[in-house]
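Predicted, not measured: the structure shown is a model, and the values here were computed from it. All residue numbers in this chain count up from 1 along the given sequence. In what follows, every heavy atom counts, from backbone to side chain, and hydrogens, waters and symmetry copies are set aside.
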Amino acid sequence: MTLPHVVIVGAGFGGLTAALSLARSPVRITVIDRHNYHLFQPLLYQVATAALSPADVAEPIRSILAHQPNAEMVLGEVVGIDRENKQVELRHTKISYDYLIVATGARHSYFGHNQWALHAPALKTIEDALNIRRRLLLAFEQAEQEPDETAKQAFITFIVIGGGPTGVELAGAIAELARHTLIHDFRHIDTRKARVLLVEGGARILSSFPERLSAVAKSSLEKLGV
């Protein structure tokens, strides 16, 4: 008997949860992702602030599925879906399916102002996190060598846009980096004087959570100097 073929595009939380939930089902599963690792996005802010290495937040997809006989992983980038012929189109091949699950996740948005990306990197991938880490640490290095006090302060002024979970965590982690981790590493700047500004367009941070938790988070950030 030929088992139904379930193709899952994306090995994030949604895609892998779907694959693992079908472990005992009479189907064969193909998980497609353009990376060979599953990224634990909630901890990316710690990679961005040098608290964790990229390997700490990325686990090989093949290792996750290693003990699930009915699942396999294909490394590739999906460029199209032929719904009429039930095929997922990769750059160099096609994979037929009986059932299709698209779990490709989400990317950040600059609300039509893509030119902002050059100055305001997002935090969705390991590459994003490493870019932010490089910029953060380089800012302190530049401040260390800057003789002008106004320019020195500008180098160690950081603005985080978005008061959701990632923005709140990142702002707090930058403040901890400046006020605790780096305080003995420089000779010509006091890293504790770094300014961290969290900008939120809504009425409160963490708007998807109860107001009480928003208030606690706001108080905790202010104690850190944000």
Side-chain angles (χ1 to χ4, degrees), residues 1-49 51-109 122-133 162 164-170 172-173 206-210 212-214 216-217:
M1 182 181 73
T2 302
L3 295 176
H5 188 201
V6 179
V7 172
I8 301 173
V9 180
F13 291 116
L16 283 182
T17 298
L20 295 172
S21 69
L22 293 171
R24 298 181 182 278
S25 300
V27 297
R28 59 189 182 94
I29 303 163
T30 299
V31 177
I32 306 172
D33 200 285
R34 60 183 175 182
H35 300 294
N36 63 354
Y37 57 83
H38 165 70
L39 179 63
F40 192 79
Q41 282 191 344
L43 289 181
L44 271 180
Y45 77 97
Q46 292 200 28
V47 177
T49 52
L52 293 176
S53 73
D56 294 324
V57 298
E59 184 175 357
I61 299 168
R62 296 185 187 281
S63 296
I64 297 173
L65 299 176
H67 302 292
Q68 185 169 332
N70 69 340
E72 65 173 346
M73 186 260 174
V74 170
L75 180 66
E77 183 173 359
V78 174
V79 296
I81 295 173
D82 183 348
R83 296 176 62 186
E84 183 177 349
N85 295 307
K86 287 194 167 185
Q87 290 183 325
V88 175
E89 300 170 349
L90 281 67
R91 290 199 179 277
H92 302 294
T93 189
K94 296 181 180 181
I95 298 178
S96 297
Y97 64 85
D98 295 300
Y99 299 97
L100 176 64
I101 298 173
V102 178
T104 50
R107 285 291 290 168
H108 52 278
S109 171
L123 187 55
K124 286 288 189 182
T125 68
I126 286 179
E127 291 77 13
D128 292 338
L130 292 176
N131 182 25
I132 292 173
R133 176 193 290 198
T166 297
V168 167
E169 290 168 334
L170 183 61
L206 300 180
S207 59
S208 61
F209 292 84
R212 179 182 61 83
L213 294 182
S214 294
V216 171

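When all heavy atoms of Gly15 and Ala103 are compared, the pair lying nearest together is N-CB, 3.6 Å. Shortest non-hydrogen contact noted between Ala48 and Ile132 is CB-CG2, 3.9 Å. When all heavy atoms of Pro26 and Pro4 are compared, the closest pair comes out as O-CD, 3.4 Å. The two atoms that bring Met73 and His35 nearest to each other are CE-O, 3.3 Å, heavy atoms only. When all heavy atoms of Ile81 and Glu89 are compared, the closest pair comes out as N-OE1, 4.3 Å. The two residues Ser25 and Asn70 come nearest to each other via the heavy atoms O-ND2, 3.5 Å.
Here the CD atom belonging to Glu72 is positioned 9.5 Å from the CD1 atom belonging to Ile32, to the nearest 0.5 angstrom. Taking CG of Leu52 as the start and OH of Tyr45 as the end, the distance is 8.0 Å to the nearest 0.5 Å. Once rounded to the nearest 0.5 Å, the distance linking OG1 of Thr125 with CZ of Arg107 reads 5.5 Å. With values rounded to the nearest 0.5 angstrom, Ser53 atom OG is found 7.5 Å from Arg133 atom CZ. Atom CD of Glu127 and atom CG of Leu44 lie 9.5 Å apart (nearest 0.5 Å). Separation of atoms CG (Leu75) and CD (Glu77) is listed at 10.0 Å; rounding is to 0.5 Å.
Around atom CZ of Arg83, no more than 12 heavy atoms belonging to other residues, nucleotides or ligands sit under 6.0 Å away.
Of the possible donor and acceptor atoms, none in the side chain of Thr17 sits under 3.5 Å from a partner among the backbone N and O of Gly14. A donor-acceptor pair under 3.5 Å is absent between the side-chain atoms of Asn131 and the main chain of Asp128, judged by distance alone. In this structure, the side chain of His108 does not engage the main chain of Lys124 through any donor-acceptor pair within 3.5 Å. At least one donor-acceptor pair closer than 3.5 Å links the side chain of His38 to the backbone N or O of Ala11.
Taking 4.5 Å as the limit, every side-chain heavy atom of Asp56 sits out of range of all side-chain heavy atoms of Leu43. Residues Thr93 and Val74 fail the side-chain proximity criterion, which asks for heavy atoms closer than 4.5 Å. For the pair Phe13 and Pro42, the minimum side-chain heavy-atom distance is below 4.5 Å. When side chains are defined from C-beta on, Ile95 counts as touching Leu90, because their heavy atoms get closer than 4.5 Å. You'll find the side chain of Val47 stays beyond 4.5 Å of the side chain of Phe40, heavy atoms only. Put simply, the side chain of Leu20 reaches to within 4.5 Å of the side chain of Gln68, judged on heavy atoms. Within the 4.5 Å cutoff, the side chain of Val9 has heavy atoms near those of the Leu100 side chain. Between Leu206 and Leu213 the shortest side-chain heavy-atom distance does not fall below 4.5 Å.
A side-chain donor-acceptor contact under 3.5 Å links Thr30 and His5.
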side-chain contact (heavy atoms from CB on, under 4.5 Å) between Val27 and Tyr99, worked out: CA-CA 10 Å; Val27 297; Tyr99 299 97; 5.8 Å; no

